[in-house]
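Submitted below is the structure of interest, expressed as structure tokens.
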2 protein chains.
Amino acid sequence: MHLKNQVEWTLHCCVLLAFLPPDKYLSTKDLAEFHGVPKEYLSKALQGLSQASLVLATLGPQGGYRLAKLPEDISFLDIVEAVEGKMSTFNCSDIRLNNPCLTRRTKLTKPCGIARVMWEADEAWRSHLRSVYLSDVISGMQVELPADLLEKSATWINNHT
Amino acid sequence: MHLKNQVEWTLHCCVLLAFLPPDKYLSTKDLAEFHGVPKEYLSKALQGLSQASLVLATLGPQGGYRLAKLPEDISFLDIVEAVEGKMSTFNCSDIRLNNPCLTRRTKLTKPCGIARVMWEADEAWRSHLRSVYLSDVISGMQVELPADLLEKSATWINNHT
DNA sequence: GCGGAAGTACTCGGATACCCACTGTCCGAGTAGGGAGGG
DNA sequence: CCCTCCCTACTCGGACAGTGGGTATCCGAGTACTTCCGC
């Protein structure tokens with residue numbers, strides 16, 4: 001069990017896009033350059049965000065992506081699920097039905113107890129991601145990161161729009 | 001992100017082993033037959049449990065596996081980590097260090113804020129798994145499952161030791 | 001000088017190869033139980 | 001009849017192939033800007 005690299009890249013891209021002036025766009029090329037990741041592959045991850053309506057895309061020169069919503073309205077779960085999918089991490093294949101002691105008549109109404117625990121754990125994970133918004137980490141960064149780095153990054157963004 | 005099938009198999013095997021009379025063993029062959037899964041591959045998963053000292057193995061006729069501890073002392077996390085490993089689900093490759101605005105002097109002491117959130121979510125997942133013990137699901141099964149199924153399964157186990 | 005249309009350059013989006021880890025399988029090392037033989 | 005030794009059969013453990021999803025890449029469809037031409 002392992003999250004894709006794309007998740008990390010996408011999260012960082014969203015943070016960067018949050019610093020973008022309104023109605024401006026940042027291209028995949030610039031996003032990839034800023035984070036030092038392969039442009040073409042990052043593009044595929046951003047497609048997921050676009051399909052999930054988390055970002056807006058525009059073509060042509062000066063085109064690219066920008067956030068479709070405010071950072072206060074985009075949770076980590078939104079981004080993670082846009083890339084990883086909404087499928088549960090645990091897949092119950094109901095192997096209890098292979099129990100040789102089961103007769104035709106015995107009915108198992110409730111879902112498998114083991115699967116229930118695993119699904120609860122999955123929900124605990126998602127619940128935490130759902131509780132953290134993009135704006136939260138941005139506020140944190142503005143406190144923790146050196147001021148000059150934030151300023152230089154902001155100007156870098158402005159030079160690339 | 002997706003858990004291996006082996007996790008499901010292993011959890012069910014542990015539950016079955018909990019019903020085993022003390023000092024008796026159940027072979028991989030029987031465990032595989034009971035759950036309808038490939039014997040050879042299940043063996044590989046049980047090796048993980050053995051290396052994590054969750055089960056004891058014995059060779060020869062009448063050999064196999066039995067729990068090394070009481071069901072009250074084996075958490076879901078123990079089993080999941082024995083199969084999936086203790087590695088975090090989120091791998092931070094520190095792409096923030098590729099930021100072109102970073103100078104040689106700027107120091108980033110704290111870990112990446114994004115990674116911290118993802119690690120917290122991972123910990124929430126593990127925390128839930130850590131709070132549920134094998135004995136819990138067994139108690140639940142003894143309430144929910146039909147009595148005759150439990151009895152037949154118990155006799156099945158006794159016939160295979 | 002101004003408006004419009006064509007051309008161009010740049011963007012996203014989907015379709016296409018490559019590679020590692022999960023899945024599945026096999027065989028060898030080692031041991032516990034059973035049986036035969038001797039006392 | 002009982003004890004000991006040997007043999008057999010069964011077990012786990014690690015080493016060996018096959019396949020699907022993640023990783024990386026490329027090219028085509030579409031658009032906004034720019035430039036040029038005509039009025």
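Here is how names work: the chains are called A, B, and so on, in the same order as the sequence lines, proteins then strands, and each is numbered from 1. Fair warning: this is a prediction, and the values are worked out from it, not measured in the lab.
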C/dT23 P sits how many Å from A/Met1 CE, rounded?
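Result: 14 Å.
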
Can you work out whether B/His2 or A/Leu46 has the more 5'-proximal nearest nucleotide on DNA chain C?
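Closest to the 5' end, via its nearest nucleotide, is A/Leu46.
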
Partner of B/Leu31 by side chain to side chain contact (heavy atoms under 4.5 Å, CB included), out of B/Cys13, B/Ser43, B/Cys14:
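Answer after filtering B/Cys13, B/Ser43, B/Cys14: B/Cys13.
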
Given atom CG of B/Asn5 and atom C1' of D/dG20, what is their separation to the nearest angstrom?
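The answer, rounded to whole Å, is 13 Å.
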
Any side-chain N or O of A/Gln51 under 4.0 Å from OP1/OP2 of C/dC12?
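Answer is no, no contact under 4.0 Å.
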
Identify the two heavy atoms, one from A/Leu134 and one from A/Leu67, that lie closest to each other, and give their separation to 0.1 Å.
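In terms of heavy atoms, the two residues are closest at CD2-CD1, 4.2 Å.
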
Is A/Tyr65 near enough to C/dG13 that one of its side-chain N or O atoms lies under 4.0 angstrom from OP1 or OP2?
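Looking at the OP1 and OP2 atoms of C/dG13, one of them is under 4.0 Å from a side-chain N or O of A/Tyr65.
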
Is it true that a side-chain atom of B/Ser153 and a backbone atom of B/Leu149 form a donor plus acceptor pair closer than 3.5 Å?
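At least one qualifying donor-acceptor pair exists.
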
Taking any heavy-atom pair under 4.0 Å as a contact, classify B/Pro61: base, sugar-phosphate, or nothing.
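Counting heavy atoms under 4.0 Å across all strands, the contact made by B/Pro61 includes a base.
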
For D/dG14 and B/Gln47 - does any side-chain N or O of the residue sit under 4.0 Å from the phosphate oxygens OP1/OP2?
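Yes, because at least one side-chain N or O of B/Gln47 sits under 4.0 Å from OP1 or OP2 of D/dG14.
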
Counting only side-chain nitrogens and oxygens, does A/Thr58 get under 4.0 Å of the OP1 or OP2 atom of C/dT11?
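No, A/Thr58 has no side-chain N/O under 4.0 Å of OP1/OP2 on C/dT11.
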
So, is B/Ser50 close to the D/dC12 phosphate, meaning a side-chain N or O under 4.0 Å from OP1 or OP2?
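No, B/Ser50 has no side-chain N/O under 4.0 Å of OP1/OP2 on D/dC12.
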
Has the side chain of A/Gln6 got a donor or acceptor atom sitting under 3.5 Å from an opposite partner on the base of D/dG22?
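When only heavy-atom distances are counted, A/Gln6 does not reach the base of D/dG22 through any donor-acceptor pair under 3.5 Å.
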
Are any of A/Tyr41's side-chain N or O atoms less than 4.0 Å away from OP1 or OP2 of D/dT23?
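Yes, within the criterion.
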
What does B/Tyr25 touch in the nucleic acid at a heavy-atom separation under 4.0 angstrom: a base, only the sugar-phosphate, or nothing?
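Contact class for B/Tyr25: none.
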
Candidate nucleotides C/dC12, D/dC12, D/dT23, ranked by approach to the side chain of A/Ala57 - the nearest
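When the side chain of A/Ala57 is considered, C/dC12 is the closest of C/dC12, D/dC12, D/dT23.
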
Tell me: CG of B/Leu42 to C1' of C/dC22, nearest whole Å?
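The distance from CG of B/Leu42 to C1' of C/dC22 comes to 15 Å, rounded to the nearest Å.
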
At less than 4.0 Å, is any side-chain N or O atom of A/Ser43 found next to OP1 or OP2 of C/dC12? Yes or no.
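No, A/Ser43 has no side-chain N/O under 4.0 Å of OP1/OP2 on C/dC12.
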
